[in-house]
Protein chains: 2
Amino acid sequence: MSMTQASVLTAPTAADLEPIEQTPLRVQIADRLRRAIITAKLRPGTVLVETALAEQMNVSRAPVREAIAILENDGLVETLAYKGKRVKPLTVREVEETWSLRQTFEVMAIRRILERRADVASLWIPCRAMRDAAALGDREGLILADEQFHRMLIALSDHHLLLQSWNALYLRINQIMALRNRRDSDDLAEIAGNHPPIVEALQLGDTRTAVRLISDHTRALRDFDPASIVEWLG
Amino acid sequence: MSMTQASVLTAPTAADLEPIEQTPLRVQIADRLRRAIITAKLRPGTVLVETALAEQMNVSRAPVREAIAILENDGLVETLAYKGKRVKPLTVREVEETWSLRQTFEVMAIRRILERRADVASLWIPCRAMRDAAALGDREGLILADEQFHRMLIALSDHHLLLQSWNALYLRINQIMALRNRRDSDDLAEIAGNHPPIVEALQLGDTRTAVRLISDHTRALRDFDPASIVEWLG
DNA sequence: AGGAAGTCGATTGTCGACAATATATAAAAT
DNA sequence: ATTTTATATATTGTCGACAATCGACTTCCT
């Protein structure tokens, strides 16, 4: 084997040959289904039939089955033996609980960040993104930057398990947000403006203020009419 | 069909015919494996081979596979594509994080219980059980009653999602406790004695004291030498 | 007509076999 | 001797088929 060929392998020049994605089918399928669920393309209560999905995606039932199992772990799907599988219905109670748990998680993160005096300057990045998105009326972009802000906040607390739990919870938050009736009355600028004070309080080491702000923040977001979400109570 | 036969069906007399258990194989297998893991019969790092397990339990690979997927959801097992599956190794960090998250959960439960003025009298039951077990030197019984106490505490907060998260977390706590070196130096009576003050504080509506006690409690339990747990770091 | 038993269709549960992949080992070439 | 290539083996990934179960509908008997 000559050196030139070796160099090609280690440093492709012209046509950059990216590694082809080699994720298991079950993961690809799970990702697709998850995406469909948290964007409300598959609404709560929708029954999932393995054979139908398998045929639709042109694969066998096995990976579909495993994908559904993954979503079950995510808490997005439930299985009733010999009965069927369906997107887990949402109750008002679950929405409430999701938000209160989220609040607990974020308060925990805040406390840890302050205890360890972590550098939170990176939080300004999503803050700026939110401000810009709000200025452009880009609702989608604002939502994304908001998620990035909060995920970053959790990550800064340097607690793997917390981040993991938060991620799982945030799946449902995404779902709920996609489900709830769009209210253009939402003031994007106000949402964006809520975040910088949190970063400031963190940089000042003001635990009390930071906790209060994050609590108010999640509480405010919770007060979307839950009734609009629960039209499919089977 | 005569009436006598019908009556037999509705009201079995002598040989009480209980409903036969009809849980899917995957669940039975998952339960067994989970039990083996949280009792440290299967130690962290142990590789799980589907074919071997299937043969050993005299079933096909499919339900074994699904059972392992369930345990993966529980966070007890990890899968590396085309590499293998193994009981998730434990790091000191994970042990620390498990306990800190537990503390957060229990503090949240305490706060909710006090906010809603829930009746916590039922907590005296496991308290008594712990006292009795301690008196008899029954370490096993004390551990069980302790778990019952804490699960009951979470349940009293009336928060499904929290209870669910706590249950998942407690799996790992069981595993860790089974793994750590038994120290007979533990004062059973002291452990049992730690709990009644919590109930008293709750009944008095003393939030500050209750939170402090539960925090001390979980903190104390965390201080088992983590080094003894991490002898299998692959 | 009413109720029990049987039948049918749909869906999940389980199985055995084959394909794809990764690791380790051995062989071969320079 | 070292690196490359080939091979072997173990394990997971995927597939198609069959069995078990459920629900609704039909049929039959009284």
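Every chain is numbered from 1 and lettered A, B, ... according to where its sequence line falls, protein lines coming before strand lines. Everything numeric here is computed off the predicted structure, so don't read it as measured data.
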Identify every side-chain donor-acceptor pair in residues 104-111 of chain A under 3.5 Å, counting partners at least two apart or on other chains, and give the distances.
from: A:T104; atom 1: OG1; to: A:S100; atom 2: O; distance (Å): 3.3
from: A:E106; atom 1: OE1; to: A:H150; atom 2: ND1; distance (Å): 2.8
from: A:E106; atom 1: OE2; to: A:R102; atom 2: NE; distance (Å): 3.1
from: A:E106; atom 1: OE2; to: A:H150; atom 2: ND1; distance (Å): 3.3
from: A:E106; atom 1: OE2; to: A:W166; atom 2: NE1; distance (Å): 3.1

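Between A:E72 and A:K85 no salt bridge is recorded (no basic side-chain N to carboxylate O distance below 4.0 Å). With salt bridges taken as basic N to acidic carboxylate O contacts below 4.0 Å, one links A:D158 and B:R93.
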Revision key, fill the gap. With sugar-phosphate taken as primed atoms, P, OP1 and OP2 and all else as base, the protein-contact string of nucleotides 11-24 of chain D at under 4.0 Å (heavy atoms; B, S, -) is SBBBB-B--BSSS-

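Using a distance-only test at 3.5 Å, with no hydrogens or angles considered, a donor-acceptor pair links the side chain of A:Q28 to the main chain of A:T23.
Annotation: B:E55, atom CD; neighbour count of heavy atoms from other residues, nucleotides and ligands within 6.0 Å does not exceed 12.
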